[in-house]
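Step one of this worksheet: look at the structure below.
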Amino acid sequence: MRVRRLFVANRGEIAVRILRTCAELGVATVLGASLADRESLAAELAERVVVIGPPHPSESYLKVPTIVAAAVGTGCDAVHPGYGFLSENPALASALEAHGVVFVGPPAETLALAGDKLRARAVAIAAGLPVVPGREVSTIADARAFADGEGYPVLVKAAGGGGGRGIKLAVDAASLASVFALARAEAAAAFGDGRLYLERFVRAARHIEVQVAADTHGTMVHLGERDCSTQRRYQKVVEETPAPRLSQQLRDSLCEAALTFARAISYRNIGTVEFIVDVETGEFYFLEMNCRIQVEHPVTELVCGLDLVALQLRIASGEPLGFQQADVRLDGHAIECRLLAEDPEHDFRPAPGRLERFVMPELPGFRVDSHCRAGTVIPPYYDSLLAKLIAHGPGRDAALATMTKALGDVEVAGVQTNRALLARLVADSRFKSGNVTTNWLEQALA
Amino acid sequence: MELSEEDVREILRIIDESHVEELRIEVSGFSLHVRKTATNTPAGGEREHARSRVAAPGGGTQIVEAPMLGTFYRSEAPGEPPLVAVGDHLEPDSVICLIEVMKLMNHVQAGVSGKVVDVLAEDGALVEFGQPLFVVTADA
């Protein structure tokens, strides 16, 4: 069944991104907006807007019954969940299915499996993939026993976490005791699942992920990798593809491993398999699979020349991908920087407010994905992403040169941003050398 | 004091962000009464109560707004008379309509007292959060 009217259950730049593809494809659109977003750019672009609730996400964007009622009540035949919010929520996927509405993403049971990080680990192990040494722990004594065996530091992770959420580092036995108690309480409160597991901490790691796409006719391809090693507090700041200084052999192994995992869980639609690469040993480990469109998807789009949102709708409509692995051509190098409303003077805390000025440069090989303009209010309820700045060139140096120029030309006033940090970062010799690990940015800022 | 619809929305937005449960402002020629209620989480076929949001643009007129998005029903069941009609007198706990959210029937209470002068939403239609449903004139 071809998607004819799509309900967009998200906000901000990803809602704008989805609506633009729908306009190109001639798909009708309905946006579910909170009271805080009824005058947003997405609300202007959508053919119809329904107010789904008050600004706070728990009263609007996170309410499964409301999203289903809004999609059904407006005659939509599919729902695109974007990223974050309900994008990986099995309850939304199954409730929509029960109402005959297509969820643009994998089936509910796939979401449930991949969302349980312990089950996903078990599937990865059974499929022969390397995982970071670790296991579930139920008591502090059990946690100590694991850490004593593996050596400190260890990572304490929530089984219901993922995407950098629910991760804590314990450097010694004393910190493990406090971190364990806190992590348990937080996991139960944030994810409704108090189960924890411990992993050996890889000191010098790169975060590399592989984009996969699978249709309902048995075709599955990868669209190359992305390096997301430049992070702060487990959140990505810069992403690029291809990953710099990665041997062809390791690249091929990662892409093959991603397809192996996606096949093992009968994945459908587009998704991302995340790995960490131990820089000291050159070994890689499976981390998790994200069953949604990623924030950083544009870098992949620019090198493979595909519209990933259009691909999602095509797969959700039951149509074949229309190409095979051999047809995938990766061209050049792309880098994305996340421009955030953050106060650099105060430890980069979110800085909501009204944008008085918002000027993005127009350059060849440069793309901006944003929901902002002068006058836009950045509300305090949601994430602090203002814009994704994406540069594409024949090689990494060319893409970096475009990004450097663009970051110099960006003009934002009214809210504090991390622009200066991004400019410093892309000019840094260590970053330029492509030799960055996940702890580099925080150490460089300290 | 002249208030536009946008001013009222802005006030509601500020109250939404605050921890205030109920607010009553009365200055010359203008009164505003807002009461916040938690919206319901559905639990299969249960009868739930929800209190409407109320905006008071002035002149004793009060707009009863939908406390949630869902399907608006004026009566308990098809074929039954409407729960309220123009001319009826309401008390704050009067059930004035049903809003269905995924099979859960929410019984919406007026939240104000006064006389119904207009019904703004159509039976069986999807109503949005905050959509005006009834116009009520306050008791003198």
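Worth knowing before you read on, the calculation uses all heavy atoms, side chains too, and leaves out hydrogens, waters and symmetry mates.
Within 6.0 Å of CD in B:Glu91 there are more than 12 heavy atoms belonging to other residues, nucleotides or ligands. A 6.0 Å sphere centred on CZ of A:Arg357 holds no more than 12 heavy atoms belonging to other residues, nucleotides or ligands. Applying the 6.0 Å contact sphere to CZ of A:Arg165 captures no more than 12 heavy atoms from other residues, nucleotides or ligands. For B:Glu80, the CD atom counts as densely surrounded, since its 6.0 Å shell holds more than 12 non-hydrogen atoms of other residues, nucleotides or ligands.
Residues that satisfy the side-chain contact (heavy atoms from CB on, under 4.5 Å) test with A:Leu62, not counting sequence neighbours, are A:Pro57, A:Phe85, A:Leu86. The ring-ring contact (aromatic ring centres under 6.0 Å, His included) test applied to A:Phe358 returns no partner, not counting sequence neighbours. Every side-chain hydrogen bond (donor to acceptor under 3.5 Å, both in side chains) that A:Glu13 has, sequence neighbours left out, goes to A:Tyr83, A:Lys388.
For B:Val101 against A:Ala69, the heavy-atom pair with the smallest separation is CG1-CB, 4.1 Å. Minimum interatomic distance between A:Pro54 and B:Phe129 (heavy atoms only, all atoms of both residues): CG-CZ, 3.4 Å.
Identified by a heavy-atom distance below 4.5 Å to chain B, the contributing residues of residues 40-52 of chain A are A:Arg48, A:Val49, A:Val50, A:Val51, A:Ile52, in residue-number order.
Note that CZ of B:Arg53 and CG of A:Leu35 are 6.0 Å apart. Values are rounded to the nearest 0.5 Å.
Residues A:His99 and B:Met102 have side chains in contact (heavy-atom distance under 4.5 Å, counting atoms from C-beta outward).
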